[in-house]
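Worksheet: one structure, shown below.
In what follows, chains carry the letters A, B, and so on, assigned in the order in which the sequence lines appear, proteins first and then strands, with residues in each chain numbered from 1.
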Number of protein chains: 2
Amino acid sequence: MQNQRKPTNLFEIIAETNRRHIIDLLRTRPRSVGEIVERSQLSQPGVSKHLRILREAGLVTTSKESQKHIYHLRAEPLKEIDHWLEPYRQYWSDRLDALEEFLDEEE
Amino acid sequence: MQNQRKPTNLFEIIAETNRRHIIDLLRTRPRSVGEIVERSQLSQPGVSKHLRILREAGLVTTSKESQKHIYHLRAEPLKEIDHWLEPYRQYWSDRLDALEEFLDEEE
DNA sequence: CTGTTATATTACCAAATAGTTATATGTCAT
DNA sequence: ATGACATATAACTATTTGGTAATATAACAG
């Protein structure tokens, strides 16, 4: 396999179910590692491993509250996924119908 | 009981760069396997392998033209990704107005 | 200091992944 | 029927992934 892969492919990062779950948890509010562990099926090191990946992908940031590490969601990088999806939305979208009409008129 | 569907996690399916590339190629128009091979970095069996995965995920359909197998895009399943993304969009676009979103992405 | 709590890192392993070559299958042309 | 063409499948393999247990690091409490 001579495949040169990017260090952080966002698509691969969100492909993992547990990571998506963590992201979803942080959407509610920032949370400590312990809180996330409680709400996941993973061991503490397992969670920390995923958090590291999310951190390096820029999807979370951290702050500290005494001994606790608080993880905050930073969703902006997900824009990349959204952007890739853009040209496909027309295949199912109903919410862009008005826009399509608008564009048809413009041409 | 053998009702075992393959757990086709759509996120994992589109996580692979070559598969996204194939999907993008089929957005232009339906294409034969050979055409896709020409436009990829993969061997023919490599492409066929990915096509099978896409087929089983319902992201492509096939038709035949003599000896050629023509692959057609079927984007609907991507809706799932789009749906997951939905609550995150507000983080990078304050207004969810469809036209504004579209114009932002056109830049 | 000492012990406790919270998190990160290390070392290891099983399973999954994605690639290859070789081969099978199916269709067309002669 | 035979050979060429188009694609799929099989068999194999290196790499990556995601999990765990054990351990390190760091901050707080007394």
Side-chain angles (χ1 to χ4, degrees), chain A residues 1-26 29-74, chain B residues 4-26 29-73:
Chain A
M1 269 196 277
Q2 36 105 15
N3 196 16
Q4 42 181 0
R5 58 175 62 245
K6 280 183 189 174
T8 54
N9 175 349
L10 215 28
F11 289 87
E12 284 175 7
I13 286 176
I14 67 155
E16 222 282 329
T17 307
N18 292 304
R19 283 196 289 266
R20 281 201 310 286
H21 185 224
I22 291 174
I23 291 174
D24 289 337
L25 285 175
L26 296 184
R29 64 167 172 280
R31 297 183 193 265
S32 70
V33 178
E35 274 186 280
I36 298 169
V37 172
E38 282 173 18
R39 289 166 176 76
S40 81
Q41 303 289 95
L42 300 174
S43 63
Q44 177 266 311
V47 167
S48 279
K49 220 169 163 182
H50 284 303
L51 286 174
R52 179 182 187 165
I53 290 168
L54 292 172
R55 209 184 325 122
E56 289 174 348
L59 277 165
V60 298
T61 58
T62 57
S63 60
K64 278 176 97 169
E65 237 176 61
S66 69
Q67 338 88 298
K68 297 195 179 177
H69 295 204
I70 310 295
Y71 279 79
H72 307 252
L73 177 64
R74 183 172 163 271
Chain B
Q4 45 199 356
R5 278 194 350 179
K6 262 191 188 173
T8 49
N9 175 351
L10 218 22
F11 289 86
E12 283 175 8
I13 286 176
I14 67 155
E16 221 284 328
T17 307
N18 292 304
R19 283 195 290 267
R20 281 201 310 286
H21 185 224
I22 292 174
I23 292 174
D24 288 338
L25 286 174
L26 296 182
R29 64 166 171 281
R31 297 184 192 265
S32 70
V33 178
E35 274 186 279
I36 297 169
V37 172
E38 283 173 18
R39 289 165 176 76
S40 81
Q41 303 288 95
L42 299 173
S43 64
Q44 175 266 311
V47 168
S48 279
K49 220 169 163 182
H50 284 304
L51 286 173
R52 180 180 187 167
I53 290 168
L54 292 172
R55 210 187 322 124
E56 289 174 348
L59 277 165
V60 299
T61 58
T62 57
S63 61
K64 277 176 99 170
E65 235 176 62
S66 68
Q67 338 88 299
K68 297 192 179 177
H69 295 204
I70 310 295
Y71 279 79
H72 307 251
L73 177 64

For atom CD1 of A:Ile70 and atom P of C:dA6, their distance in whole Å: 11 Å
Which residues share a side chain to side chain contact (heavy atoms under 4.5 Å, CB included) with B:Glu35, sequence neighbours left out: B:Arg29, B:Arg31, B:Ser32, B:Arg39
Selection from C:dT17, C:dA6, D:dT9 that lies nearest to any side-chain heavy atom of A:Lys68: C:dA6
Residues which pass side chain to side chain contact (heavy atoms under 4.5 Å, CB included) with A:Val37, listed by chain and number, not counting sequence neighbours: A:Val33, A:Gln44, A:Val47
A:Arg20: side chain to side chain contact (heavy atoms under 4.5 Å, CB included) partners, not counting sequence neighbours: A:Ile14, A:Thr17, B:Asn9, B:Phe11, B:Trp84
Enclosure of A:Arg55 CZ (heavy-atom neighbours >12, cutoff 6.0 Å): yes
Position toward the 5' end of DNA chain D (nearest nucleotide), A:Glu16 or B:Ser48: B:Ser48
Touch class at under 4.0 angstrom, heavy-atom based, for A:Gly34 against every strand present: sugar-phosphate
Partner set under side chain to side chain donor-acceptor pair (under 3.5 Å) for A:Gln67, not counting sequence neighbours: none
D:dT20 OP1/OP2 closer than 4.0 Å to side-chain N/O of A:Ser43: yes
Proximal nucleotide (of C:dA18, D:dT20, D:dA8) relative to the A:Lys49 side chain: D:dT20
Output a table of nitrogen or oxygen pairs between the protein and nucleotides 1-3 of chain C separated by less than 3.5 Å.
none

Side chain to side chain donor-acceptor pair (under 3.5 Å) partners for A:Arg19, two or more places apart: A:His50
Atom pair distance, as rounded to whole Å: CD1 in A:Ile53 and P in C:dA8: 13 Å
Gap between atoms CG and C1', on A:Asn9 and D:dT17 respectively (whole Å): 14 Å
Nearest-Å distance for atom pair CZ/C1', residues A:Arg31 and C:dT7: 18 Å
A:Arg52 vs C:dT7: side-chain N/O to OP1/OP2 distance below 4.0 Å: no
For A:His69, side chain to side chain donor-acceptor pair (under 3.5 Å) partners two or more places apart: none
Short side-chain N/O contact from B:His50 to OP1 or OP2 of C:dG19, under 4.0 Å: yes
Closest to side chain of B:Ser32, choosing from D:dT7, D:dT20, C:dA8: D:dT7
Value in whole Å for how far the P atom of C:dA6 lies from CD of A:Glu35: 11 Å
Could you write out each protein N or O paired with an N or O of nucleotides 23-30 of chain C at a distance under 3.5 Å?
residue	atom	partner	partner atom	Å
C:dT27	OP1	B:Lys64	NZ	3.2

Minimum heavy-atom distance between A:Tyr71 and A:Leu26, given as atom pair plus value: O-CD2, 3.4 Å
Sequence-distant partners of A:His72, side chain to side chain contact (heavy atoms under 4.5 Å, CB included), two or more places apart: A:Pro30, A:Thr61, A:Ser63, A:Ile70
B:Tyr71 vs D:dA6: side-chain N/O to OP1/OP2 distance below 4.0 Å: no
Selection from D:dG18, D:dT17, C:dG19 that lies nearest to any side-chain heavy atom of A:Glu12: D:dT17
Interatomic distance where CG belongs to A:Leu42 and P belongs to C:dA8 [whole Å]: 14 Å
Full working for side-chain contact (heavy atoms from CB on, under 4.5 Å) between A:Leu10 and A:Leu59: CA-CA 9 Å; A:Leu10 215 28; A:Leu59 277 165; 3.7 Å; yes
Length of the line joining A:Leu54:CG and C:dA8:C1', which is rounded to integer Å: 15 Å
